[in-house]
Structure formats: C-alpha cells, structure tokens
Visitor: 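First, the structure itself, so that you have it in front of you.
In what follows, chains carry the letters A, B, and so on, assigned in the order in which the sequence lines appear, proteins first and then strands, with residues in each chain numbered from 1.
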Number of protein chains: 2
Amino acid sequence: MTAVGRVGGSPANGPASQQDMRRRNLAVVLGTVAAHSPLSRADVAGRTGLTRAAVSSLVDELIARGTLTEAATAPAGRVGRPGRALVVSDRGPASLGLEIGVGHLAACVADLRGEPRVWRRVERANAGRPPAEVLAEAAALAAEAEAEAAVHGLSVMGRVLAVPGVVPNEPRGLVEHAPNLGWHAVRPADHWPDRDTVPDLENEANLGALAELWREEHTGVTFVHVSAEAGIGAALVVGGQLFRGTRGFAGELGHVTVHPEGRPCACGARGCLEQYAGVAAVLREAGLDGTGDAVVLLAERATAGDPATLGALEGAGQAMGLALASAVNLIDPDGLVLGGAYAELAAWLLPAIRTELAARVTVRPWEPEAVRASLLGRRGPVLGAALLTVRRLLADPTRLPAG
Amino acid sequence: MTAVGRVGGSPANGPASQQDMRRRNLAVVLGTVAAHSPLSRADVAGRTGLTRAAVSSLVDELIARGTLTEAATAPAGRVGRPGRALVVSDRGPASLGLEIGVGHLAACVADLRGEPRVWRRVERANAGRPPAEVLAEAAALAAEAEAEAAVHGLSVMGRVLAVPGVVPNEPRGLVEHAPNLGWHAVRPADHWPDRDTVPDLENEANLGALAELWREEHTGVTFVHVSAEAGIGAALVVGGQLFRGTRGFAGELGHVTVHPEGRPCACGARGCLEQYAGVAAVLREAGLDGTGDAVVLLAERATAGDPATLGALEGAGQAMGLALASAVNLIDPDGLVLGGAYAELAAWLLPAIRTELAARVTVRPWEPEAVRASLLGRRGPVLGAALLTVRRLLADPTRLPAG
DNA sequence: GGCTGTTTGTAATGGCGACTTACAAACTAG
DNA sequence: CTAGTTTGTAAGTCGCCATTACAAACAGCC
C-alpha cells in the first residue's frame, strides 16, 4: 500500500519531534478553515481544542505561507467583538492536474480551496502515437494552463499526470503498461521538456475515485469506484484513503471471474468480467462496431430504444452486479460508484446491477441506493490529479515557502 | 473501518499535544526494544534517531511503568563502557485471550514480550447451550488463568474474547449472530459475573489473522487469512492493520459467487463458495457424515488415500482458488494464508488452489508460494486475542499505571 | 598497574511549542 | 454613555527534546 491517498502528516513509525507537532497543528487549523470557512480564530480554537493563542500563532504562519487570507467581511450581528473571518486563499499556491486519454489531453489548475480555476482540453487521437510526442504536447498544454493561472495570481506547487494504464508502486514514475495508448514501460520524465515541471504519475481511475471522494468532505469513507475506458478498473477507497495494493495492482475488477468456464480473455484466464461488461464486449453484443466514441454511440442507441443495445447493456449490468457482489462481500464498503464511461451509461446499467447485488449480498444490510453514478463524469481524473496536490499541501503546509 | 487492527498511537485527526509526542516516543522506544532486544540505551538512540538523553528519560518512565527491565547480563567484549541491556519485562503487565468455540473453551495469558505463559483449554459442546452458561464457564476459566498468571508475577491489563460469529463495529460489545453456537444478539457483558473483567469482543477469524501477522514482525504487510469452522471467513490485513469493513462485515469469502447459477445457499443466493468448499459440503462430497471432529476425519481419510475424500478436497480447493483469484485481483495482497480448520487440510487443498490462482491471476506477478498454511493452527484465535492487548500496550504505554 | 582512548549514561542548559493568564480592542444591549 | 461579552495578542509557565559537558566503565597498550 503506497501513500497516494494517504496525504496525511507524519510517517508511520519513527520518533515524533516538536516540528512534527507544529506541522500537524498547522494542518489541523488549515483543514478546519478549509472545511468550515469562514471561521474566526476563536471559532477554530473552539472546534479544534487548541487555545486561541496557539491558533493565533498557527494562523500567522499559515498566512505567511500564503494559504490563509483574512476576508474583509464584517459578518457581525452577535454580541461581543467580531472575529476576523479567515478563508483559504484563492491566490498563491495552486496545483496542476494533467490527463492523457485515448482521445484527448486535459489540464486543470485548482486553487487551495479545491476550486478549478483553469480548464484546458484538446481532442487528440493519442493511441499509437510516439509517447514522446504525446508527452511534449501534454507539457505544452500544462505550460499554457500554468501561464493562465499566473494571471489569476496562482503559482503551481505540484503537478500530477493521470494516465489510463498501470502505474506500479515501485519503481515510481513509470507507466508499466497502457494498452489503450499502446505504451509499454514509458517514463514520462525521460521525455519531459523541462526538468522542473515533471509531474507525478497516477492511474486515471484512481484519481477519478479521489475526486469523487473529495467532492464532498467524507472522511473515513470506504467505497469502490468502477470505471472503464477499454478495460474495467476499480479504485478502492478505504477509510478515506486510496488503496493501491501491495504492488499497485489492486482493483482489477475487470479480471474477476464471472463465469468459471466462460469466454477466454486476453489475460489468459476464462470468464473475466471484461469479456461480458467491457465496452468492446457490449458493442459486440449490441451488434455495433467501434468507430467513433463508443460510449456516446451506445448512449444514443439506448436512448432510441434499440433492443439489441438495451439487451447488451442489461447483460453487462448483470455481469457487473455479479462481480461487484463479490467485491462487496469481501470489502464491505459504504457504497459503489460508477465512474468514467459507465457514468454516462448508468441509467441502463444500474437496474441489473442493483438486482444482482440484492440477490447476492444477503448477509449484511445493503441498500440499492448505495450504488450510484459519479457526478463528475469524464472530468473526474483531471480534477483528482489537481486535487491530489491540494490535499498534500493542506496536509502539510510546511511544504510551502515561508515568506 | 474500526480500530481493532489499528493499535497505533494518536487518533486520525485533532491537534497534537506534547503528551502525544511523549506517548509516541515511549511507544517507539518500547517497540524498538521489543523488536531487537537486548539493546542498550545508546543502541536505542542509534536506531530511533532520538538522543541518548531523551532515550534515558523515556526508558526511566518505561521501567517505572513495568514494561522494561534492565537485564543483569554483561555482554561486553567491545571497547568502551558496556551498555546496560534492556529487555521487555516478563513480569508485570500481561494480557488475557479467551475463546469460545463450538467444541471448546480456551484461555491464554501472554506477557508483554508476546510469549504465552499460561494455557487453558477444556472441551465443551457449546452449540445450543444457553449463552449465560457458556459465558459463566468462560469467565471461570479466565479467572483460573489469571490466578495462575499471578503466580508468575503477571497482572492482566486487558481481556479479549474470540467468538465464532459476527461482531459488528457498532454497537460494540455485541455478538450479532453466531450460527454455530446458536447465538443471536448476545451481549457477553450482560452475563459476565464480574464487571471489572468484562472482555472486549472480536471475531475469531480476525484474531487468527492478527496472530499470524504478529508471529513475526511484518509491518506494512497485506494479506488475506482464510479460515473455516462451519462457514468460510476471510480476514483482511491491510498494511499491517486488520480491515473490518464499514460495518464489520468485510471478508465474507464464503459468499463470494463461484458458480452464478449453482447450488442454492442458505444465505438466499446461489453458487456461494461455502456450498463448494465449506466443511459440510466437503463431507457430503466425500460421502461422510459429520459426527465427531469433521476436520480430523477428513484428514485421516485423505491420509489413507480415500479417493472420494481426495476428490472432494480437490474440488473444494478449485472452488477456493476461484474465489481467492477474485480476491487477489481486487486487493493485490502479498500473500494468502490458510488458517483454522483449513490449515490442517492444506496439504490436499493447496495444489488445486495454486493451479487455479496461477490460471486466473495473470495481470500481475503471482507466485504459488504466496499461498501457505498457517503455522499456528487452531491456537491462532486465542493467541491473537491475547496479543491484541499486548500490541495496544506496546503502542501506548501510558495506559499502564506509572508507579 | 597505570595510562589512553572509547563508549555509556546522566545532569545542566537551551530552544521550541502549546497552555495559562491578563488585557486592550471592538462590538451589542440597554 | 455604560455594562457586558467576545476577540485577538502579549507575557509568563510548563513539558519535552536537543545540545553540551562530564563522570563512569570498559579494552588495549606500555
């Protein structure tokens, strides 16, 4: 398990120092303001249990680091001296999210409040192109986005790139395999034009799940986020943290067995979910071919009431329900979220998924509403990529320069 | 996710105080000695990064709390003043593990080193007996064990009871359902004779997994621990911590689907693993009936080479391999451990399990040796129950009285 | 044996960070 | 305008670890 979702403070073991204490309390104050702003120093003290004096000192440092600002508002009305409103700064430190998809490049700059301030998206057929070329374009897009952000007074402190492929825990910075792009063992750092802006790497499904997690403040939440582009991936969020597995391969829902003696899969096994609920399988079942945007095509056909398409989607939903039931029995999550391409097809997938889950998850309370579609849709991964750095900065404000 | 496996220091959020720092450093020093004893104060300083002066102060307090002792040895030989050897005390604070099984009661007192010092086990047919009666006997056994421990100078600081049933996260202290005992909604505290010795509750499979985890010091390890008494349960250890799921129902491996349209299960679904690899199913397949100790019977027949038994076990192994492949694809653990009854049948189950895993886990490196049998066998749960308190004390020595 | 060099454990001092106490500032209520 | 309330900050205290200094306890060497 690696620490992508674990954006929090100090390392697991090793002694604690006074600096660790300070770091943690800075994060506590900043996090409290981020979650409940506007708040006065006294409010923060009341909520956290720190004393007003300590909060004052911590807030001074947070302001000096550019993370907090005193709002000029006068929201009085109660008796006593009115507090000065603190808000998370919408200028200064910011973060960049990038995405390389099969059909597009995207960039997003978010401020410390988590608000996206700059969006960039260009359509590009990236499949099969030389990685160096794609990465150069991504870097150019990133530079553009950062330049626009600078106009708003935002300076990017961290960069994360979302890729539709396997990103192992070790070694870091490697895309081991991205089948839809045709990438094998690509190190983006080797092709990046500027040493100083090389992004961190993360799987797009994982980032989509994190975006969903952070959409509203759910702490301690556990859910499974299913998404698909060509394969089917699931991201596991456990206790509010992304769970990547020992090697970074957790969440391979697409290769969970749904029919032990079923169709052979490209992975070498038989009866994998991907063969029944993957986009390619659904297209085949619906009698369509894969030119253009397959998901849009399926949604159109289904809306039009095409029986073959509706049947194919129902079959896919059944298979997914079967695999998800096993996941629920193993993991006992709060809920399941359909993201990525499936979010747009959720209307036709959900009934069968819910039926199957109801039939197969029996030893615990389970409500059909616990399965829902993501509200972020295709923007999830970029947004998650941007928010990852934001969360890291909120969790450790000492990463920011003091002056 | 609740904090049974999470024995470590400070809460997830909230401000840090100097006492937290002290608590943590006490745990760091104690943990270092526990892992590498004997160690001098200077050794501890070298390993932890704390200064010798700080270690001295911390060690003084740990000695005052009865957790550390200065060994009288003189292991010199190197130049310079010899250090005084520190070891974890084998007297003083200790912990009690209890187990209520279908056919027995067990108790174990362990010292702070994790060494079991007192064992008690009595055979009892507990199925169907009134819970109050069983609990009274368990309490008596506990009192006996504590009395014997007192002779060794051990005083029990915490008690944990292992039960073969579902123990929800909320409300705590409740056995919601223990089918093999015939228990429903039993609160052991209501029947315990002495208010002061009421034990904490935990599922026996979870405790077996924790015992396996702590057998040797694996920190950060992630594995799935499969065990069976009548049903099939799996305990998930994630990053060195027990994962119980949102409601405490994680690890229901027995109800993972292995044949979508297969045999109906008591849970209401079809084709659950339990119907193919549960002890009852194996007995039926082997043409045996369930009088006496089913596991011993199966092992005898298999050793004797009975073809029906061997076939039944192979079939069970196949089904388990199928379900475990899905678990591996979802969770990406370091390894799988067969515990409980399955540990004694591992010789006949493992080949089929490994074959099936090799065929179905293909998208990541996976070695057959990553599946192994538990070395603790049936003593795992009691030992885990005792060690749980030990780990809690090691993680927070301030729980112990100072004088 | 006596001297030197090395390592250990502890005492004294300092720095850092949160807590306590005290107080001026800024508002509402009357 | 006064009394009461709440806020933010300054001064002092306390707890804890780091630094420095030093006595104690050994091996090696003469």
Side-chain angles (χ1 to χ4, degrees), chain A residues 9-10 14-30 32-33 38-65 68-86 397-398 402, chain B residues 9-10 14-29 32-33 38-64 68-86 397-398 402:
Chain A
S10 45
S17 64
Q18 304 196 95
Q19 285 154 36
D20 294 333
M21 183 171 65
R22 182 73 174 180
R23 192 186 349 260
R24 167 117 175 224
N25 287 342
L26 285 168
V28 166
V29 169
L30 182 52
T32 303
V33 175
L39 245 47
S40 71
R41 290 165 175 78
D43 291 335
V44 174
R47 280 180 180 276
T48 60
L50 291 160
T51 61
R52 290 207 307 273
V55 171
S56 253
S57 159
L58 291 161
V59 164
D60 285 349
E61 181 169 345
L62 288 170
I63 290 177
R65 290 187 190 274
L68 285 185
T69 314
E70 289 198 334
T73 71
R78 298 207 331 266
V79 64
R81 169 178 165 178
R84 276 182 291 175
L86 297 168
T398 62
Chain B
S10 45
S17 65
Q18 302 196 97
Q19 287 156 34
D20 293 332
M21 183 169 66
R22 182 73 173 180
R23 194 188 345 262
R24 166 117 176 226
N25 287 340
L26 284 169
V28 166
V29 169
T32 304
V33 175
L39 245 47
S40 71
R41 290 166 176 77
D43 291 335
V44 174
R47 280 181 179 274
T48 60
L50 291 160
T51 61
R52 290 206 307 274
V55 171
S56 253
S57 159
L58 292 161
V59 164
D60 286 348
E61 181 170 344
L62 288 171
I63 290 177
L68 285 185
T69 316
E70 288 198 334
T73 71
R78 299 210 328 267
V79 64
R81 168 178 166 178
R84 277 182 290 175
L86 296 168
T398 61

Visitor: For the helix from dG1(C)-dC30(D) to dG30(C)-dC1(D), measure the angle between the helix axis at one end and the axis at the other, each built from five pairs, rounding to 10°.
Guide: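 Computed angle between terminal axes is 10°.
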Visitor: Identify each donor-acceptor pair in which a side-chain atom of residues 46-53 of chain A lies under 3.5 Å from a protein atom, sequence neighbours left out, and give them as a table.
Guide:
residue: Thr48(A); atom: OG1; partner: Val44(A); partner atom: O; Å: 2.8
residue: Thr48(A); atom: OG1; partner: Leu50(A); partner atom: N; Å: 3.1
residue: Thr51(A); atom: OG1; partner: Ala54(A); partner atom: N; Å: 3.2

Visitor: For Ala27(A), enumerate each residue passing the side-chain contact (heavy atoms from CB on, under 4.5 Å) test, keeping only those at least two apart in sequence or located in another chain.
Guide: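 With sequence neighbours excluded, Ala27(A) shows a side-chain contact (heavy atoms from CB on, under 4.5 Å) to Pro397(A), given in chain and number order.
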Visitor: Let me know the distance between CZ of Arg84(A) and P of dT6(D), rounded to the nearest Å.
Guide: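 After rounding, the reported distance stands at 19 Å.
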Visitor: Go through the steps for Ser40(A) and Asp43(A) under the test side-chain hydrogen bond (donor to acceptor under 3.5 Å, both in side chains), then give the verdict.
Guide: CA-CA 5 Å; Ser40(A) 71; Asp43(A) 291 335; 3.2 Å; yes
Visitor: In whole angstroms, how far is the P atom of dC16(D) from the CD atom of Glu61(B)?
Guide: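 So the two atoms are 8 Å apart, to the nearest Å.
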Visitor: Report the distance from atom CG of Leu26(B) to atom C1' of dC17(D), rounded to the nearest whole Å.
Guide: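 To the nearest whole Å, that distance equals 13 Å.
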Visitor: Taking atom CG of Leu26(B) and atom CZ of Arg23(B), what is their separation to the nearest 0.5 Å?
Guide: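 Separation between the atoms: 9.0 Å.
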Visitor: At less than 4.0 Å, is any side-chain N or O atom of Asn25(A) found next to OP1 or OP2 of dG17(C)? Yes or no.
Guide: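 False: Asn25(A) side-chain N/O out of range (4.0 Å or more) of dG17(C) OP1/OP2.
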Visitor: Rounded to the nearest 0.5 Å, how far does CG of Asp20(A) lie from CG of Asn25(A)?
Guide: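 Taking CG in Asn25(A) and CG in Asp20(A), the distance rounds to 11.0 Å.
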Visitor: With sequence neighbours excluded, tell me which residues meet side-chain hydrogen bond (donor to acceptor under 3.5 Å, both in side chains) with Thr32(B).
Guide: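 Expected list: none.
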Visitor: To the closest 0.5 Å, what do you measure between OG1 (Thr398(B)) and CZ (Arg22(B))?
Guide: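 Interatomic distance, Thr398(B) OG1 to Arg22(B) CZ, rounded to 0.5 Å: 11.0 Å.
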Visitor: Between CG of Leu58(B) and CZ of Arg24(B), what distance do you get to the nearest 0.5 Å?
Guide: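 Those atoms lie 13.0 Å apart.
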Visitor: Sequence neighbours left out, what passes side-chain contact (heavy atoms from CB on, under 4.5 Å) with Glu70(B)? Give chain and number order.
Guide: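 Per chain and number, Glu70(B) pairs via side-chain contact (heavy atoms from CB on, under 4.5 Å) with Arg41(B), Ile63(B), Arg84(B), Leu86(B).
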Visitor: Please write out each protein N/O paired with an N/O of nucleotides 1-7 of chain C under 3.5 Å, distance rounded to 0.1 Å.
Guide:
residue: dT7(C); atom: O2; partner: Arg81(B); partner atom: N; Å: 3.1

Visitor: To the nearest 0.5 Å, how far apart are OG in Ser57(A) and CG in Asp60(A)?
Guide: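 Going from the OG atom of Ser57(A) to the CG atom of Asp60(A) covers 6.5 Å.
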Visitor: Test of understanding: with side-chain hydrogen bond (donor to acceptor under 3.5 Å, both in side chains), list the residues that count as partners of Gln18(B), not counting sequence neighbours.
Guide: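 Not a single residue meets the side-chain hydrogen bond (donor to acceptor under 3.5 Å, both in side chains) criterion with Gln18(B).
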Visitor: Show me the protein contacts with nucleotides 12-15 of chain D, counting only N or O atoms at under 3.5 Å.
Guide:
residue: dG15(D); atom: N2; partner: Gln18(A); partner atom: OE1; Å: 3.0
residue: dG15(D); atom: N2; partner: Gln18(B); partner atom: OE1; Å: 2.8
residue: dG15(D); atom: N3; partner: Gln18(B); partner atom: OE1; Å: 2.9
residue: dG15(D); atom: N3; partner: Gln18(B); partner atom: NE2; Å: 3.4

Visitor: Between dG15(C) atom P and Met21(A) atom CE, what is the distance in whole Å?
Guide: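 To the nearest whole Å, that distance equals 17 Å.
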Visitor: Listed in order of residue number, which residues of residues 48-55 of chain A have a non-hydrogen atom at under 4.0 Å from DNA chain C?
Guide: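 The answer is Leu50(A), Thr51(A), Ala53(A), Ala54(A).
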Visitor: To the nearest angstrom, how far is Glu70(A) atom CD from dG8(D) atom P?
Guide: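 Rounded to whole Å, this separation is 8 Å.
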Visitor: According to a strict under-4.0 Å criterion, is Ser56(A) in side-chain N/O contact with OP1 or OP2 of dT9(D)?
Guide: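 Answer yes for this pair, as a side-chain N or O of Ser56(A) is under 4.0 Å from OP1 or OP2.
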